[in-house]
Amino acid sequence: MQLEIRPDPAEVGRARRWARSRLAGSGITADEPLAETLILLVSELVTNAVVHTGRPAVLRLCLPGPAAEKCASATVRVEVTDRSSRAPVPRCADDDATGGRGLALVDCLADRWGWSPDDAGKSIWCELDRCTPPRQSAAVAYGGGLSAYEDLAFEVV
């Protein structure tokens, strides 16, 4: 399933609402920790596409069906494709910065993430394993310590 995203910051809220509306059919309940993590990841990836490219994008969700509810291999995938060929660049945000933590959050919260060139742009994706306990590093995303992304260290506060 996919949603076309216009290059407008208001689209981030629409993308979150759309993603939430798709969860029920997959057996992921709104009070499940995975649901909030998934919505946060949607928000971060769509925000990056809208703010940093200024171009339309496409949000895709791949959710397990209700039968996969008890399956340990059930994976949720979020993918945002935009029309910019610029690679995503992690930043180290100062304590007073109001942005610059998006990729650090994705790195901490997703089980896997990456990006690849896609036609005239790129595709950034992340995956969550449905039946895997939350990663210890997820605490970092909420200010619990340091996380490393390649050679850069992020302190999220």
Check: [X]/[Y] side-chain N/O donor and acceptor closer than 3.5 Å:
X	Y	answer
T75	D129	yes
S123	E79	yes
S84	D82	no

Hydrophobic cluster membership, [X] vs [Y], 4.5 Å side-chain cutoff:
X	Y	answer
V78	M1	yes
I5	L61	yes
V51	I39	no
V106	W115	yes

Answer yes when E36 and R20 have at least one side-chain N-carboxylate O distance shorter than 4.0 Å, and no when they do not.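 R20 and E36: salt-bridged.
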
Could you tell me whether E4 and R6 make a salt bridge, using a distance below 4.0 angstrom between a side-chain N and a carboxylate O?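 Salt bridge absent between E4 and R6.
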
For P9 and V50, the nearest pair of non-hydrogen atoms, with its separation, is N-CG1, 3.6 Å

Can you name the closest pair of heavy atoms from L128 and A110 and give their distance?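 That would be CD2-CA, 3.8 Å.
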
Report the residue from T47, L59, L3 that forms a side chain to side chain contact (heavy atoms under 4.5 Å, CB included) with V42. L59

Would you give the length of the straight line joining atom [atom1] of [X] to atom [atom2] of [Y], rounded to the nearest 0.5 angstrom?
X	Y	atom1	atom2	value
L103	I124	CG	CD1	6.5 Å
L34	L109	CG	CG	11.0 Å
R60	W125	CZ	CH2	14.5 Å

Backbone N or O of [Y] within a donor-acceptor pair of the [X] side chain at under 3.5 Å?
X	Y	value
R86	H52	yes
S26	L23	yes
K122	T81	no
T37	P33	yes
R55	R83	yes

